[in-house]
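Reviewing the structure listed below.
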Amino acid sequence: MAAERYNPREAEPKWQTIWAQGDVFSTRNDDPRPKYYVLEMFPYPSGRIHMGHVRNYTMGDVVARYKRAKGFAVLHPMGWDAFGLPAENAAMEKKVHPAKWTYENIDYMRGQLKVMGLSLDWKREIATCDPSYYRHQQKMFVDFFKAGLAYRRTSKVNWDPVDMTVLANEQVVDGRGWRSGALVEQRELVQWNFRITAFSDELLTSLDSLDRWPDKVRLMQRNWIGKSVGLEVRFEFAGPTPASDTTLEIFTTRPDTLFGASFLAIAADHPLARAVGAVDPAAAAFQDDCRRMGTSVAVLETAEKLGYDTGLRVKHPFVAGKTLPVFIANFILMDYGTGAIFGCPAHDQRDLDFARKYGLEVTPVVLPTGADPATFTVADVAFDGEGTLFNSDFLDGLAVDAAFETVAARLESTTVAGHPQGRRRVNFRLRDWLISRQRYWGCPIPMIHCDDCGTVPVPVEQLPVLLPDDATFDRPGNPLDHHPTWKHVACPVCGKPARRETDTMDTFVDSSWYYTRFTDPWNTEAPTTRAAADRWLPVDQYIGGIEHAILHLLYSRFFTRAMKATGHVGLDEPFAGLFTQGMVVHETYKNAEGHWVSPAECVVDDVDGVRTARLKADGSPVAIGSIEKMSKSKKNTVDPSDIIATWGADTARWFVLSDSPPDRDVIWTEAGVEGAHRFVQRVWRLIGDGAELIAGAHTGADRSPAALALAKITHKTIAAVGDDVEKLGFNRAVARLYEFANAIGRTIATPEPVAADATLTAALAEALDALVRLVAPMMPHLAEECWTVLGRDGLVSETPWPVADPALVVDDTVTLPVQINGKKRAELTIARAASEAEVREATLALDAVRAALDGRPPKKIIVVPQRIVNVVA
RNA sequence: GCCCCAGUGGCGAAAUGGUAGACGCGGCAGACUCAAAAUCUGUUGCUCGAGAGAGCGUGCUGGUUCGAGUCCGGCCUGGGGCACCA
């Protein structure tokens, strides 16, 4: 009997050392076997890993270990998304250099990951803040610039007028800077962008080919790209205008509703609005109000809809003598369409709200099917459905799409101020990717500004442009900009004094190609080695949080295309398979000053179901907030190291796989960790006890009934667990393994029949062998230890996945539920191969069916083979 | 505000349109023990019933279907994203 409890504290470091010494998880680029690239989204080195990482990396590790056992050459690397804002915040708050802070965090977190027993190829580790990584990113920036995919334009930023610095949206709280408390202003800066819109259509249509992506992610990306077919319509001013143009161009997807138009609205920073503001102080004041709202679309859209009547009027294109007022409105985006719209209140809710507020006319022009044109009116709910045009002159009686065509055709052939009055246009919601950041801790943009030569790239032989080590963080603004010497440089073209670009790149750029760099991180000459990239890409299974569904994944899809266009890779789509795990969520806590505090700093008391919290340090009260995704900013993270130190990595791994479906959020609780650990010990006991029973077992020819039953369970489990892991249904695989362990436990509980039955002994030996191999991807240390107990040579980590015998997976008989009128009333056990006629006959012979029919013939019998029988009486 | 997703026992959940609640946690009862822990066995959706059994039940509401947790329409609640958090 295995008297000793399994001790993960001894076993886990031992196996981790053996794996490392044997180089078991390193991947060679010349491995001839079929490739499988599994990747989890790499972490930001915030300081410590959290349970979200444990969940994410455990899932990826199960896939990696499983695919390795299935005979694939598996690439499973890890790195660090190491540039970013928190390092700079730490520099300001704790007087630590961002590089020191970041590399110390990386060292600590690498240690935490290694303790998890992940089968990673650490030889390929990269950190995006390392010049050996970002130099290649700078090379690609120059390539993109030369290919016309990187360019400068004016864009808005959140400006903190007190700290004199650009704020991230996250740093704007209720319209004020998080540090200074000053009201935030919009400010315009000339900044670098990637031309992602060059691929709008392609990024959209190519989504259809990503059949191993979740539908919801593809749908979100589709909506984000936002292709819409509409019409640009030119309105003529009905009087003098301060603008240089005599017309105002708007974009609409509903030209059919033009007869219902009651106003035009333009963005606050539309050229016309600026022109009006220059001569009308009230208009200028309104524009200033708009600029104080920051740049976040969410804030903009939820703010009260406000407008300012410019007093200008435009002529209705179809109604002679009719003019419409032109408003400046805070909900019109300059970035979308032409930055101007016409409002049709009856058929657009936002326009209706606006019209009611400013007393504008509401004329319905689309009549819902079946409504009476004499009585149909719009009160507080706009009608945006299909219908028939009315109140619309030559459009009356037409359907919506026919009216669209009619208006488009007519305006296309009308000329205003020398242009066609209407132009069909495909419009995308997607905007170019603003990558400029006025920050220190990011990849420097390798450009030089020369008064004579303009903006020129840093010559490739001068790359990388290194960040200066001696930046200061004690004053606001961009440290690169006020560094005494860094930005002063000779123009590479004419040699005259010039200045470096001081913007650095958005950290999304870093994470848009790291998966490619992993294929050959040793190449010092170029970002990629084509043979290696072609060999390993695309990533076969990418796993990460749903919060990255749009931005990171869309940027990566763009970047891969841009790299293809500049010759760095040969494919379009970087991720063939995507799985979005749910988040790990946790309660939030705030101290008396309203600052977030971490769970580790709190004690939660539960008195008769009423939960209260206080600070560990001084017992002061802490407010328990809502359950939210674990985030650095809200400090509601849990340190997995404590869990692993107490229970072992295998317990932690098993727990995060077992409790919730992997794509759903899981609320972290310590309840259940003990249950997971019980199973660790149970497997250990089963193997220990079982090993004594199977000594000298050999496969017998004719299995006894007990042996056959156990063998069937074994092979069904092998088939089911493999199936579940393929689909990333880890929680189902875990449930299967619990059932399997229960079956083995029942066999071992009565040793006498096992001793007396050689075929049962053999079946038990096979079951124990399978149990260890099936459990190995999830609890690798325990599995290695058990493998040794079973007296097996080598590592289970290098042992093939067991193969299910199809003859043992399928039963000869099936038990069908028998429904009468859709309610289950009986069961029918019958040969699996029984014909439909035989099933009918057997069903009608059942007592419950005869009683229900009471001699009458059934109206209908539905037989779903091997599933169910339904008798309609 | 807009886009996307989720909602099933006391709890985490399972269920190619086909027996709702597998499996686990917790609870209850029992075995082992001087005792406890550990372990093992049984039981556990709700209501009625001594029982056999019957009825109800997957956020709400209406529909499609022989049959709906699953598909469709309308809501409610919670979560994610909204372009400078990563």
Side-chain angles (χ1 to χ4, degrees), chain A residues 5 41 43-44 46 81 83-86 155 157-158 166-172 196 214-217 219-224 226 295-303 305 331 335 349-350 353 429-439 506-508 510-511 545-552 554-555 580 582-583 585 626-629 631-633 658-661 663-667 669 671-676 678-679 681-682 685 729 731-732 734-739 742 745 749 815-819 821-827 859-862 864 867-872:
Chain A
R5 281 172 66 81
M41 291 179 184
Y44 178 79
S46 58
D81 190 11
F83 275 136
L85 214 41
S155 313
V157 295
N158 297 310
V166 176
L167 298 177
N169 283 336
E170 184 187 55
Q171 298 174 320
V172 179
I196 188 171
D215 286 339
K216 61 178 171 183
V217 175
L219 187 54
M220 279 189 264
Q221 294 217 348
R222 207 165 277 137
N223 291 338
W224 185 261
T295 60
S296 156
V297 173
V299 170
L300 217 81
E301 294 262 327
T302 46
K305 309 286 177 285
F331 57 94
D335 292 313
Q349 191 62 45
R350 206 158 56 169
D353 296 342
R429 207 184 75 95
L430 183 67
R431 310 199 293 256
D432 275 337
W433 174 12
L434 172 68
I435 62 153
S436 275
R437 298 292 181 269
Q438 291 70 38
R439 307 190 195 291
D506 179 7
T507 58
F508 272 126
D510 313 337
S511 56
I546 183 67
E547 67 273 23
H548 293 294
I550 296 176
L551 293 180
H552 162 61
L554 191 61
Y555 290 150
T580 54
M583 288 174 303
V585 294
S626 54
I627 295 174
E628 296 189 52
K629 83 162 172 168
S631 73
K632 295 177 287 290
S633 58
S658 62
D659 237 23
S660 282
D663 56 349
R664 220 186 280 181
D665 288 355
V666 59
I667 302 172
T669 110
V673 175
E674 290 182 31
R678 261 203 294 279
F679 187 70
Q681 295 295 348
R682 185 162 151 77
R685 259 194 327 276
N731 57 325
R732 289 192 301 268
V734 163
R736 292 287 190 175
L737 288 167
Y738 274 121
E739 286 178 318
N742 287 341
T815 298
L816 300 176
V818 176
Q819 294 183 333
N821 292 332
K823 288 195 183 256
K824 190 202 162 192
R825 285 291 183 265
E827 282 186 346
K859 286 201 186 105
K860 198 173 178 182
I861 300 180
I862 293 136
V864 183
R867 287 309 258 179
I868 202 168
V869 182
N870 189 9
V871 180
V872 185

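Keep in mind that this is a model prediction, so the values were computed, not measured. Every chain is numbered from 1 and lettered A, B, ... according to where its sequence line falls, protein lines coming before strand lines.
Considering only side-chain atoms of A:N158, the nucleotide from B:G80, B:C85, B:C84 that sits closest is B:C84. Checked against B:A86, B:U19, B:U16, the side chain of A:R867 finds its nearest nucleotide in B:U16.
One cannot find a donor-acceptor pair under 3.5 Å joining the base of B:C23 and the side-chain atoms of A:R736. Judged by distance alone with a 3.5 Å cut-off, no donor-acceptor contact links the side chain of A:Q171 to the base of B:C85.
In this structure, A:V871 and A:R825 have side chains that are not in contact, with every pair of non-hydrogen atoms separated by 4.5 Å or more. At a threshold of 4.5 Å between non-hydrogen side-chain atoms, the residues A:R350 and A:E301 count as touching. The shortest side-chain heavy-atom distance between A:Q681 and A:R5 falls under the 4.5 Å cut-off.
Distance, A:R431 CZ to B:C84 P: 8 Å, rounded to whole Å. Whole-Å rounding puts the A:L430 CG to B:C82 P distance at 15 Å. Nucleotide B:G81 holds its P atom 10 Å from the CG atom of A:L551, rounded to whole Å. Here B:C85 presents its C1' atom at 7 Å from CG of A:L85, a figure rounded to the nearest Å. Atom CG in A:N742 sits about 14 Å away from atom C1' in B:G42, given to the nearest Å. Look at CD on A:E674: it is 14 Å from C1' on B:G24, rounded to the nearest Å. Going from atom CD of A:E170 over to atom P of B:C82 covers 10 Å, rounded to whole Å. Atom CD in A:E547 sits about 10 Å away from atom P in B:C82, given to the nearest Å.
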For nucleotides 1-3 of chain B, which of its nitrogen or oxygen atoms have a protein nitrogen or oxygen under 3.5 Å away, and what is each distance?
residue	atom	partner	partner atom	Å
B:C3	O3'	A:N223	ND2	2.8
B:C3	O2'	A:N223	ND2	2.7

What's touching nucleotides 51-59 of chain B from the protein side, N or O pairs under 3.5 Å?
residue	atom	partner	partner atom	Å
B:C56	OP2	A:K823	NZ	3.3

Got a list of protein N/O to nucleotides 63-70 of chain B N/O distances below 3.5 Å?
residue	atom	partner	partner atom	Å
B:C66	O2'	A:N870	ND2	3.4
B:C66	O2	A:N870	ND2	2.5

Sort me out a list of protein N/O and nucleotides 36-40 of chain B N/O pairs below 3.5 Å, or just none if empty.
residue	atom	partner	partner atom	Å
B:U39	O3'	A:R685	NH2	3.3
B:C40	OP1	A:R682	NH1	2.8

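Within the nucleic acid shown, A:K824 comes within 4.0 Å of at least one base atom, counting heavy atoms only. Among the atoms of the strands shown, none is found under 4.0 Å from any heavy atom of A:F679. As judged by a 4.0 angstrom heavy-atom cut-off over every strand, A:L737 is placed among residues making no nucleic acid contact. Nucleic acid contact class of A:V166 (heavy atoms, under 4.0 Å, all strands): base. When heavy atoms are screened at a 4.0 angstrom cut-off, A:L434 is found touching base atoms of the nucleic acid. A:S511 comes within contact range of no nucleotide atom at all, as no heavy-atom separation falls under 4.0 Å. A:H552 comes within 4.0 angstrom of no nucleic acid atom, judged by non-hydrogen atoms across all strands. Note on A:V157: a base of the nucleic acid sits closer than 4.0 angstrom, heavy atoms only.
Using a 30° and 60° split on the angle between ring planes, A:W433 and A:Y555 fall in the parallel class, below 30°.
Of the C1' atoms belonging to B:U58 and B:U70, the separation is 10 Å, rounded to the nearest Å. Spacing between B:A36 and B:A29 at atom P, rounded to whole Å, works out to 13 Å. With P as the reference atom, B:G42 and B:C25 are 14 Å apart, rounded to whole Å. Straight-line distance between the P atoms of B:G26 and B:G21: roughly 22 Å, to the nearest whole Å. B:G9 and B:C84 have their C1' atoms separated by 46 Å, with the value rounded to a whole Å. Separation of the C1' atoms belonging to B:U65 and B:A54 is 26 Å when rounded to the nearest angstrom. Spacing between B:G80 and B:U43 at atom C1', rounded to whole Å, works out to 41 Å. Taking atom P on both nucleotides, B:G12 is separated from B:C66 by 36 Å, rounded to a whole Å.
Listed by chain and number, the residues in a ring pair (Phe, Tyr, Trp, His ring centres under 6.0 Å) with A:F679 are A:W654, A:Y738 (sequence neighbours excluded). Every salt bridge (charged side-chain N to carboxylate O under 4.0 Å, His left out) that A:E827 has, sequence neighbours left out, goes to A:K824. Scanning for side-chain contact (heavy atoms from CB on, under 4.5 Å) contacts around A:D432 gives A:Y151, A:R153, A:N193, A:R195, A:I196, A:T197, with sequence neighbours left out. A:R222 meets the salt bridge (charged side-chain N to carboxylate O under 4.0 Å, His left out) test with A:D208; sequence neighbours excluded. Every side-chain contact (heavy atoms from CB on, under 4.5 Å) that A:V166 has, sequence neighbours left out, goes to A:V157, A:W159, A:L189, A:Q438. By the side-chain hydrogen bond (donor to acceptor under 3.5 Å, both in side chains) test, A:R437 pairs with A:D506, sequence neighbours left out.
With a glycosidic angle more than 90° from 0, B:G24 adopts the anti conformation.
One distance of note links OG1 of A:T507 with CD1 of A:I435; it measures 11.5 Å at 0.5 Å rounding.
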Summarise protein proximity over nucleotides 8-14 of chain B in one line of letters, 5' to 3': B for base, S for sugar-phosphate only, - for none, counting protein heavy atoms closer than 4.0 Å. ----SSS

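The shortest non-hydrogen separation linking A:P214 to A:T580 is CG-OG1, 4.0 Å. The heavy-atom pair separating A:M220 from A:A549 by the smallest distance is CE-CB, 3.8 Å. Summarising the geometry of A:A168 relative to A:L85, their closest heavy-atom pair is CB-CD2, 3.8 Å, with the distance given to 0.1 Å. Shortest non-hydrogen contact noted between A:S658 and A:N731 is O-CB, 3.7 Å.
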One pair to check against side chain to side chain contact (heavy atoms under 4.5 Å, CB included): A:V869 and A:I862. What are the steps and the verdict? CA-CA 6 Å; A:V869 182; A:I862 293 136; over 6 Å; no

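Side-chain contact of A:T295 with A:N158: a donor-acceptor pair under 3.5 Å is present, judged by distance alone.
A:N870 places a side-chain N or O within donor-acceptor distance of the main-chain N or O of A:G822, the cut-off being under 3.5 Å.
Nearest-nucleotide positions on RNA chain B place A:G675 closer to the 5' end than the other of A:G745 and A:G675. Residue A:Y738 is the one, among A:W433 and A:Y738, whose nearest nucleotide of RNA chain B lies closer to the 5' end (criterion: closest heavy atom).
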Pairs counted only when both distances fall under 3.5 Å, Watson-Crick or G-U: show me the 5' to 3' dot-bracket for RNA chain B, [ ] for pseudoknotted crossings and | for other-strand partners. (((((((..(((.....[....)))((((((.......))))))((((....))))..(((((..]....))))))))))))....

